[in-house]
Amino acid sequence: MRYLIAFLWKHSFFFLFVFLECVAFMLMINSQNYQGTVIINSTNQITGSINNISSNIVDYFMLRKSNDKLLEENTFLLNSQKTSFSVSDTGFQYRDSIYRFIGAKVISNSTHKRNNYIMLNRGRKHGIELDMGVISDKGLVGTVIQVSENFCSVMSALHKDSKISARIKKNNQLASVIWNEIDYQHGILKDIPTHLQLFPNDTIISSGNSLIFPEGILIGTVTEYHAEEGKSLNSASIRFASDFNALYYVYIIKNLKRKELLDLKKEVGDE
Amino acid sequence: MNNIIYRNLSRFLLLFILQIYIFNNIELLGYLNPYVYILFILLLPLETPQTLLLALAFFMGFSIDYFSNTIGINMAACVLVAYLRPGLIRVLSQKSELDPGMKIGIRDFGFRWFFIYTSVLVIIHHLVLFYLEVFRFNEFFDTLKRSLFSALFTIILIIISQYLFFKPKKQKRGLL
């Protein structure tokens, strides 16, 4: 026994090496099975908070890349949304897309002018045409009014000529939204029938009548209702859902049936 | 003595953090991972007791594994490197040339000595690491390529770090 201990002691370096390697291999093999995953998961909880801090820092470096990815994903999701398709007949099922969303990045923007325009990095090359709607992740933004090869110019809702066909969500009544021409957060909902009573935080959505925006895009919420005696139509102050001052990624909406709808409208109008 | 402990402790922490948060995220050309943390084991003082050397290497490997969810792999590679280190130093230099005060590095040992020392240990470390990670041999040459190029990357980083942190003194006579 004494010799054995002496032997082990003499070669302690080697045996410790073998021992540690065995430990390492055992851990390695264990980590392949269920118990191993438990170990890894529990370590994740311990190391999680530290990793979180680092990922918060690392995220900044990845921001651009992940934003691009998110934009792509969102575009895909918007394209597969129910409202993008014409409602299919129960007897004849086909899913026909009406609206197509194209992701775009804001390259210039203003909110403090009387007529505000937004420039986007998408143009004719990407299939952008006049009178396409533009929305942000939060809500409605504006309408494309000029297209060049690579870029397009958008008349934001903060424009004196902007008039958006809207709908009061709770009762489906039509109205229209204009800008109050004072600050970038508030607009005016006008042409509200007098028999309606609106309350703060009532939701205003796009009507879907304009061929520009699909139905149900959030425009804003009511902040104040102005009922005036003797007028046939009332107005209300609304707060825009989109933060116009912080636009970065937006989606351009292409109405694929626009021509057909316009032709139809024209025909009806001719009669 | 305390000074040496502090220096190595801070080197441990620095390399650990760099490895986990920077080098683990580097994938040059899609498959090259440097494992620079091994520098800690390479630079431990000459007079470190052998058992302590193994224990420290084990602990370093364990810490890295713990944070990169590769239980055991880095441990095994580190312990092997620590085991081979004393022998390699003996082979590379004659007994008479090892003064007790010498610190491992280009400064005291010269470029050639340090380069060979680093290359041998880093290549062994990376080979073990990458093969254990893959854990099979049917992608033998692919893994070989990956580990050798990663080792090259690591060696370059280590040599650069030598010049960044230690001003080379007068060139010593080649110790080989």
Side-chain angles (χ1 to χ4, degrees), chain A residues 2-70 72, chain B residues 13 16-27 41 44 47-90 124-125 128-136:
Chain A
R2 211 155 58 96
Y3 288 111
L4 181 67
I5 291 168
F7 176 75
L8 285 177
W9 187 249
K10 198 179 161 206
H11 297 277
S12 62
F13 184 48
F14 175 72
F15 284 113
L16 183 64
F17 162 69
V18 171
F19 171 72
L20 290 177
E21 288 287 4
C22 287
V23 172
F25 273 90
M26 253 155 58
L27 285 171
M28 212 182 316
I29 288 157
N30 270 335
S31 71
Q32 315 273 335
N33 60 27
Y34 171 73
Q35 279 178 323
T37 49
V38 172
I39 291 174
I40 288 177
N41 287 341
S42 63
T43 60
N44 273 343
Q45 270 179 14
I46 301 161
T47 57
S49 59
I50 301 171
N51 279 330
N52 199 17
I53 296 167
S54 88
S55 104
N56 280 344
I57 299 165
V58 171
D59 277 353
Y60 278 104
F61 298 108
M62 299 293 174
L63 218 52
R64 175 166 296 249
K65 211 165 144 193
S66 54
N67 274 340
D68 285 341
K69 210 173 146 205
L70 270 180
E72 226 168 78
Chain B
L13 287 174
F16 170 71
I17 290 166
L18 284 177
Q19 182 64 44
I20 294 295
Y21 293 118
I22 295 177
F23 294 122
N24 269 1
N25 297 318
I26 290 181
E27 281 198 353
I41 301 164
L44 281 169
E47 52 272 22
T48 315
Q50 293 188 328
T51 44
L52 182 64
L53 195 66
L54 284 179
L56 286 171
F58 183 81
F59 185 64
M60 186 59 167
F62 175 76
S63 316
I64 297 285
D65 276 337
Y66 199 70
F67 274 78
S68 34
N69 279 344
T70 52
I71 299 300
I73 295 171
N74 283 293
M75 268 183 235
C78 279
V79 170
L80 180 66
V81 165
Y83 177 70
L84 294 176
R85 196 189 99 135
L88 184 69
I89 292 175
R90 263 202 304 279
I124 291 170
H125 173 264
V128 172
L129 198 66
F130 280 73
Y131 276 107
L132 284 181
E133 201 181 2
V134 178
F135 218 71
R136 62 191 120 88

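We name chains A, B, ... by the order of the sequence lines, and we start the count at 1 in each one.
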Query raised in the report: Which heavy-atom pair separates B:Leu80 from A:Glu21 by the least distance, and what is that distance?
Result: N-OE2, 3.1 Å
Requested in this report: Grab the two heavy atoms, one from B:Ala76 and one from A:Ala24, that are nearest each other, plus how far apart they are.
Outcome: N-CB, 3.7 Å
Would you check if [X] and [Y] make a side-chain contact, meaning some heavy-atom pair closer than 4.5 Å?
| X | Y | value |
| --- | --- | --- |
| B:Phe58 | A:Val23 | yes |
| B:Met75 | A:Leu20 | no |
| B:Leu132 | A:Phe25 | yes |

Tell me, for [X] versus chain A, whether the close heavy atoms (under 4.5 Å) come from the side chain, the backbone, both or neither.
| X | result |
| --- | --- |
| B:Ile17 | neither |
| B:Pro49 | neither |
| B:Ala57 | neither |

**Report entry** More than 12 heavy atoms from other groups under 6.0 Å of CZ on A:Phe19
**Finding:**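 Counting neighbours around CZ of A:Phe19, 12 or fewer heavy atoms of other residues, nucleotides or ligands fall under 6.0 Å, so no.
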Requested in this report: Mind checking the CG-CG spacing from B:Leu53 to A:Leu16? Nearest 0.5 Å is all I need.
Outcome: 10.0 Å
Query raised in the report: CZ of A:Phe13 to CG of B:Leu54: how many Å apart, nearest 0.5 Å?
Result: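 These two atoms lie 4.5 Å from each other.
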